[in-house]
Asker: 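Quick one: structure below, then a few questions.
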Amino acid sequence: MKTVSKENQTLSIKSLQSTLRKLENAYKSMTENGSNTTIVKKRRDAVKVGLDCLENAWHGTEFSYDEEAILAAKQILQNLLPSIQKQYEKAKEGSAQKTINGRRITAIELAIEALEDRL
């Protein structure tokens, strides 16, 4: 994995933690409403694997996922990127949304790279 500054490590981990919380809340809400949760569950699980992989790479925390889970997470994260990039491009320059999505893109790209290193 390429060298990443401490600041970018912190921002990326915080971004994925925030994304994970949003997906967990969406999953809970959708479950309560009886909605189909398949996509949200897959995204939530993939973000969790990506976050755990980054924390392991940078902080030596536990990482105990098998190759199948790593491959699935990597694929789902790669599939998420285009929609986030579209949101980023549409956001007004200097807006909070542009900043959040820029950090989210960086975090997901780093997570994908870290997952690839695990394979």
Side-chain angles (χ1 to χ4, degrees):
M1 183 169 194
K2 67 182 175 190
T3 304
V4 179
S5 71
K6 288 286 186 197
E7 180 183 9
N8 278 341
Q9 289 179 13
T10 301
L11 291 173
S12 293
I13 286 174
K14 284 183 179 181
S15 176
L16 287 181
Q17 288 170 335
S18 172
T19 302
L20 181 60
R21 277 191 306 275
K22 288 177 191 216
L23 288 166
E24 286 171 342
N25 290 336
Y27 179 77
K28 182 180 176 194
S29 174
M30 291 172 75
T31 300
E32 290 169 358
N33 293 333
S35 301
N36 187 342
T37 59
T38 306
I39 292 172
V40 171
K41 183 181 184 311
K42 285 181 179 182
R43 288 177 177 175
R44 179 199 65 188
D45 294 347
V47 169
K48 175 76 171 117
V49 173
L51 174 60
D52 288 349
C53 193
L54 286 182
E55 288 180 329
N56 172 263
W58 295 331
H59 304 299
T61 59
E62 180 72 24
F63 185 82
S64 57
Y65 296 93
D66 62 19
E67 186 174 339
E68 184 179 333
I70 294 169
L71 281 169
K74 179 178 162 257
Q75 183 64 48
I76 291 165
L77 292 175
Q78 286 172 324
N79 291 342
L80 261 179
L81 274 178
S83 64
I84 298 170
Q85 288 166 332
K86 281 183 189 173
Q87 292 173 14
Y88 176 81
E89 290 165 10
K90 288 181 183 177
K92 196 185 300 186
E93 205 58 49
S95 69
Q97 202 59 41
K98 188 118 180 161
T99 302
I100 288 167
N101 283 326
R103 288 180 184 162
R104 190 169 288 154
I105 290 166
T106 300
I108 290 173
E109 288 173 342
L110 289 169
I112 291 168
E113 184 182 339
L115 290 167
E116 287 173 345
D117 289 350
R118 288 284 188 168
L119 298 171

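Everything numeric here is computed off the predicted structure, so don't read it as measured data.
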Asker: So do L119 and E67 actually touch side chain to side chain, heavy atoms under 4.5 Å?
Answerer: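 Of all side-chain heavy-atom pairs linking L119 with E67, at least one is under 4.5 Å.
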Asker: Does L80 share a hydrophobic cluster with I100, counting links as ILVMFWY side-chain heavy atoms below 4.5 Å and allowing steps through other members?
Answerer: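 Different clusters.
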Asker: Compare all side-chain heavy atoms of Q17 with those of E55 and state whether any distance is below 4.5 angstrom.
Answerer: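 Q17 vs E55: side chains touch.
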Asker: Has K98 got more than 12 heavy atoms of other residues, nucleotides or ligands less than 6.0 Å from its NZ?
Answerer: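 More than 12 within 6.0 Å, yes.
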Asker: Starting from I76, can I reach V49 by hopping between I/L/V/M/F/W/Y residues whose side chains sit under 4.5 Å apart?
Answerer: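 No; I76 is not reachable from V49 via cluster members.
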Asker: Could you tell me whether the side chains of N33 and S35 share a donor-acceptor contact shorter than 3.5 Å?
Answerer: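 Distance-only check fails for N33 and S35.
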Asker: Are any of the side-chain heavy atoms of I39 and K42 separated by less than 4.5 Å?
Answerer: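 No. Closest side-chain heavy atoms not under 4.5 Å.
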Asker: Can you tell me if S12 uses its side chain to pair, donor with acceptor, with the backbone of N8 under 3.5 Å?
Answerer: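 Checking the backbone N and O of N8 against the side chain of S12, a donor-acceptor pair under 3.5 Å is found.
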Asker: Looking at side-chain heavy atoms only, is the closest gap between Y27 and L23 below 4.5 Å?
Answerer: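 SC-SC contact between Y27 and L23 ruled out.
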Asker: Check the hydrophobic clustering (I, L, V, M, F, W, Y; side-chain heavy atoms under 4.5 Å; chains of links allowed) and say if L54 and L20 are grouped together.
Answerer: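 Cluster IDs for L54 and L20 match.
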Asker: For atom CG of L81, is the number of surrounding heavy atoms from other residues, nucleotides or ligands below 6.0 Å larger than 12?
Answerer: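 Counting neighbours around CG of L81, more than 12 heavy atoms of other residues, nucleotides or ligands fall under 6.0 Å, so yes.
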Asker: Starting from I105, can I reach I108 by hopping between I/L/V/M/F/W/Y residues whose side chains sit under 4.5 Å apart?
Answerer: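 In one cluster with I108: I105, yes.
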Asker: Looking at R104 and S15, what are the two nearest heavy atoms and their distance?
Answerer: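 In this case the closest contact between R104 and S15 is CA-OG, 3.3 Å.
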Asker: Where the side chain of N56 meets the backbone of T61, is there a donor-acceptor pair that is under 3.5 Å apart?
Answerer: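 Yes: the side chain of N56 pairs with the backbone of T61.
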Asker: Is there a chain of hydrophobic side chains (I, L, V, M, F, W, Y, each step under 4.5 Å between heavy atoms) that links L110 to L11?
Answerer: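 No, no single cluster joins them.
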Asker: Report yes if the side chains of F63 and I70 come closer than 4.5 Å at any heavy-atom pair, otherwise no.
Answerer: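 Contact flag for F63/I70 side chains = yes.
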